[in-house]
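A short write-up of the structure that comes next.
Because the structure is predicted, anything quoted here is derived from the model rather than measured. By convention in this document, chain letters (A, B, ...) are assigned in the order of the sequence lines, proteins followed by strands, and residues within each chain are numbered from 1.
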Amino acid sequence: MSTTTQDAPVEQAGPDEEETNYLNHETSIWSWLTTKDHKRIGVLYCISLAVVFLVAGVLALLMRAELSGSGQTLMGNDTYNQVFTMHGILMVFLFLVPSIPAILGNFVLPLQIGAKDVAFPRLNLASWYVYLAGAAFTITALLTGGVDTGWTFYTPYSASTGGGVLWMTSAIFVAGFANIFTGLNFIVTIHKMRAPGMTWNRLPLFVWGMYATSIVQVLATPVIGITMVLLILEQTLQIGIFDPALGGDPVLFQHFFWFYSHPAVYIMILPAFGILSELIATFSRSRIFGYRAIALSSVAIAMLGFLVWGHHMFVSGQSAISSIVFSLITYLIGIPSGIKVFNWVATLYKGSIWLQTPMLYALGFLFMFTIGGFTGIMVGVLSVDVHLHDTYYVVGHFHYVMMGGSVVALLGGMHYWWPKITGRMYNETLGKIAAGLVFVGFNLTFFPQLVLGARGMPRRYANYAERFAGLHQLSTVGSQILGLGLFLILGYALWSLAYGEKAPANPWGATTLEWTNTTAVPIHHNFERIPLVTRGPYDFHLADEVFGGGDGEALSDDVPQIPDPAPSAPSETDPTESAGV
Amino acid sequence: MATETAPAPTEREEAEHDHHPEHLQHHFVSSKQQFDSAKLGMWVFLITEVLLFSGMFVAYAVFRQWNPDVFAAASGTLDQAMGAANTVVLLTSSLTVALAIHAIKQDRVQRCIYYLLGTLGLAGGFMVVKYFEYMAKFEHGVFPGAAFDPHGAHYEHLAEMTAAPQFFSIYFVMTGIHGVHVIIGMIVIGVLALMAWRGSFSSEWYTPVELTGLYWHLVDIVWIFLFPLLYLI
Amino acid sequence: MGDFWLPEAASTMAPKIDSLFTFVNVVSGVLLVGVVTAMLWFMYRYRRQDPAERPSPVKESKLLEISWIVIPTILVLLVFNWGFKSFVAQKTIPDNAYEIQVQARSWGWSFEYPNGVTTDTLYVPADEPVKTTMSSQDVIHSFYVPAFRVKQDVLPNRYTSVWFEATKEGAYDLFCTEYCGRNHSEMDAEVKVVSRARFDEWLESAGTPDDIPLPKLGEKLYTQQGCQGCHSLDGSEMVGPSWKGLYGKTEHKMADGSTVTADANYLRESILQSGAKVVDGYQNVMPSYASLSEREVSGLVEFIKEQSDKELSEE
Amino acid sequence: MAHDGPHIVPKSILLKVFGALIVLTGLTVGVAYVPLGPLTVPVALGIAGLKATLVVLFFMHLKYDNPVNALTFTIGTIFVVVFVTITLLDTAFRGDLGNVTAQTVQEIQAEQERAQQRQDAIPSDSLRIAPSDYPNQDRGASMESDEGS
């Protein structure tokens, strides 16, 4: 990879002094709250989402604590119902759906394609504020009586309960716009803002994952918007679309809801696929096996993901013919997901595998996502799903996909990009311990749930039959280990912010632009010179300069640049002139 | 596709204007890149609008398929003349927006302002007709939802029909949300006319006019479907 | 493996579902072990030994890629086909099935047999197809008997059905699996599978004879109709007002500010037109019990009366 | 893909398209008075689709624009069709295997009442209509007679 020759940017300080970067070029709170820099918006999102994850995670621990005994142990039924509802809503709508795109997508995507920013920086900032508005609505919902409908808001129950339902549905409507803005921004950015030479075949797979995700966000989110609007109108004006008492059809609501919420699963998992490809490639130092298959299968999953929502409704009273069609198409999605797993494992073959913390998460992901996939095949079987639907098997299944897949990938990604975001290294030993705790805790929590479900334990039960108690207790212990691991991560992450070792520009020896062409912490405009891309994203063997003869530690200014093989990239305007536009 | 970000256009544009183009944001390489991005962004936004409306079209399709007779009878109580008039009004406003863009591309700012104001007037006309339609319904107790209590010669028979409230709920929600879009469009077009009057636009930079035009045409397209579905069949 | 994973199988459908479950489980297990073994082996075999290591790219193998598209496709189509067949069997109700009407409400079940007998425990004859025709009085519930491997949502506006043929006599759990509010987890019932002969005998004797005293009838209805889900007898707070000391209360405050005397007429009205008067501090959530017979309503009123009398005598 | 300068659609084309749109509006109103039976909905939607296409291609310049924009819009409309079609796949076929009734409880009760009234008219106790008599009565039957509307 090489860069063009161009006059040195103005703001660049000498090597001895503290370098000016996106974190310190302006330091007032105001400059953060009004920033249009995609990196800062990523950081803002990271802080907000961490808070939501913490709250929703504590709720999960409370739920597991309540379930440690078969009767009432910690809270009454009403409280329990509100707790699992809030856990679901916060995790799905306010954490998982925005998580990877809003944090890592925002931070990494423009860097990876060699752009100075996303296409619409103002919209990007608006997205964060809209998200905060959604969060504010959620808090209002809690203060006005809470919500106990489950995150699915099934009618007619949602029409008859909870003072907070109106606020909560409004919150989801509002927060949906944040996702639409992000998705729209990424689609345009990927189409129009790629650096010279960054062809579609040279896009890092994280970008492909974000692209597929954005398509789903843009196409699906408006439908949850209109669904929530109709739900609100149903409660205020009693328009009878969903409520049977008014002549509506409750199953129609489920169609509307799952038309969004099933693709939303792909909003959560597709970016995780992207992260995984980056991690596996970098830490095995080999080109992703079947790059094209992985890239295109993401887009295929995004599209097919819209055709399968009815597999949540096999026992809902929908027509048998549509159950059958939905089941068939569901299997068609299983195949591209399988292809990805096989390709990732094949990438390890004859690689040079470096077991750093992010790679541990990646390998953990492979194990847990595979279980998530197989249990998905199980609940996709028409007749078996009749037995498993709405039991803990389903709970276990989607946690294996959402938490074991999406969240674990996010954790891996956060560790991987942590040096780039903060300029500091985390503690590798603690990182490995935490990864182990998360892995053990997670499996101990959710594998017993698969067994519980298959044995007939229904979900959303505050109390349960005595014979389920043993496995429930096991699951509770697992959740505590998992919680311990996550708190450990929070702890050493905060520690690293203050005391962490200074990170080099490319600590992992990665080959994508955010590592090779930026300073340790990227500058406000990302690149000193717009890169000109001359090779694929994972061509480790072609990227001699990347490693600097070592594991990447040595890379920075002293690495000799390869002579420019191609004509100059477009000159960029003086960064100071239009700064902050 | 792979060549979309090729650097060529910049050099030309840089040659054309030796100064930094006024409206070019720092993170874009060229005005063309900025314009194309804005336009693609608008198209992506438009499909979110399409899918927003799709939910109501699904509700319409499902309830119509369950109660075809009721929907036919209920649609018969809507005022076809007003609906048709509004269709023509909205189509005309679409033409005027297209002509406004046509004008600004040729630097005819004055003409562009006239066309924008014309559009604004037509949109206002649309809302006025809509207002009279709604009022005529409300007078006879035809409300969305629980308040539905039709009376008067033209509407009485609706009270007997099981799914008539559904038809009118869908009618009011669809036309209501469409109406909200018209109002938003009117505000934006008003601002555009003001900006044009202040000389903000030229053939060099008219992105907001172009984007608003796209939005306005989409509002028109939604109505093109609403009109036959609600009024005619 | 089936024993570890699955509950007791007590219907004709259960073994079919179980064999498919076990098949998917075993195939998944084998593939998972394969993937994990490969992963661990590569992890060990190709671990980085020198920071400067620069492996040369592996040539992609078309054959390998095609094989892991084709083999999973065949497997999932096999599983789909198997699931499809058993699904159709699950959903196609035999013509000769014995029909039981099921009513679900928050938070209880009632089962009505062809002769009008209503119970809160589901009695079914063994070795005979049974069909339930279900509907809900309020929100969506779901009828789930794990031992029979049947589940079907119970909708407020439609009749849904399941059928099963129990193979083993005994008692089994029936759960509600569609979240329905506060006492969702308490909304269970028992399924008792008995021989045809004993079933007939029970059905014969279980009818509500006209000669049982009214308060006794009311007491029976109190559990049967699910009143106990919302109205306590000991004065504890639930969704609805407690029946303890309710009868005869003079200053009974309503949500609209008015007060009524809780006499027999008021109770009657509250049972038949539940929304007519709503007690202050409670939600208007009670379904109407207009389907009760005149004698049954009187029975309930007498039973409520008894709760106040009891209190008086206790004092 | 790239154009030199803004493409300008000639005014004459805009006016012609507008003329066509007005004519099609007249047509769709006219057609509404012709009894077309089952074709009513397809014809109305067909004309509306044609009008929308004209607007998209000429007023919105999609005919002359970057194909990516056209692709974007096409994908959007495809997913609307998917949403409508697959939902109808359920709602139009309820009751196909007998696990759920095609009619709602209210409809069945109304039907029962009507049957009861008929029964009262002819005094005879031999008939009893139970809900179980209805489940297999397909909604399709009522659809056929309704399609002319």
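Residues satisfying the side chain to side chain contact (heavy atoms under 4.5 Å, CB included) criterion with B/I183, sequence neighbours excluded, are B/M127, B/I187.
Residues B/I177 and A/I226 form a side-chain contact, since some pair of their non-hydrogen atoms from C-beta on lies under 4.5 Å apart. Annotation: side chain of A/I241 is in contact with side chain of B/F63 (closest heavy-atom distance under 4.5 Å). Side-chain contact between B/F28 and A/K116 is absent, with no heavy atoms from C-beta onward closer than 4.5 Å. Under the 4.5 Å side-chain criterion, counting only non-hydrogen atoms from C-beta, A/D249 is not in contact with B/V62. Taking the side chain as every heavy atom from C-beta outward, B/F143 and A/L237 never approach each other to under 4.5 Å.
Highest contact tally toward chain B, considering only A/L219, A/V223, A/V229, is held by A/L219 [criterion: heavy-atom pairs under 4.5 Å]. In terms of heavy-atom pairs under 4.5 Å with chain B, the best-connected choice from A/F181, A/F242, A/F120 is A/F120.
Atom CG of residue A/L184 and atom CG of residue B/L46 lie 9.5 Å apart, to the nearest 0.5 angstrom. Considering OG1 of B/T48 and CZ of A/F177, their distance stands at 7.5 Å, rounded to 0.5 Å. Separation of atoms NZ (A/K192) and NZ (B/K32) is listed at 6.5 Å; rounding is to 0.5 Å. If you take OG1 on A/T189 and NE2 on B/H27, they are separated by 7.5 Å, rounding to the nearest 0.5 Å. Between the CD atom of B/Q25 and the CZ atom of A/R122 there is a distance of 5.0 Å, given to the nearest 0.5 Å.
Nearest heavy-atom pair, A/I187 versus B/L40, reported as atom, atom and distance to 0.1 Å: O-CD2, 4.5 Å. Closest approach of B/L52 and A/P222 over heavy atoms only: CD1-O, 3.5 Å. Considering every non-hydrogen atom in both B/S37 and A/V188, the closest pair reads O-CG1, 3.4 Å.
Contacts of A/F259 with chain B are made by side-chain atoms alone, with heavy-atom separations under 4.5 Å and no backbone atom involved. There is no contact between B/F172 and chain A, counting heavy-atom distances below 4.5 Å. Heavy atoms closer than 4.5 Å to chain B are found nowhere in A/I224, neither backbone nor side chain. For a residue to count as touching a neighbouring chain, one of its non-hydrogen atoms must lie under 4.5 Å from one of that chain's; by this rule A/I180 touches chain B with the side chain only. Residue B/P165 does not touch chain A at all, counting heavy-atom pairs closer than 4.5 Å.
Residue B/Y131 qualifies as open at atom OH: its count of foreign heavy atoms under 6.0 Å is 12 or below.
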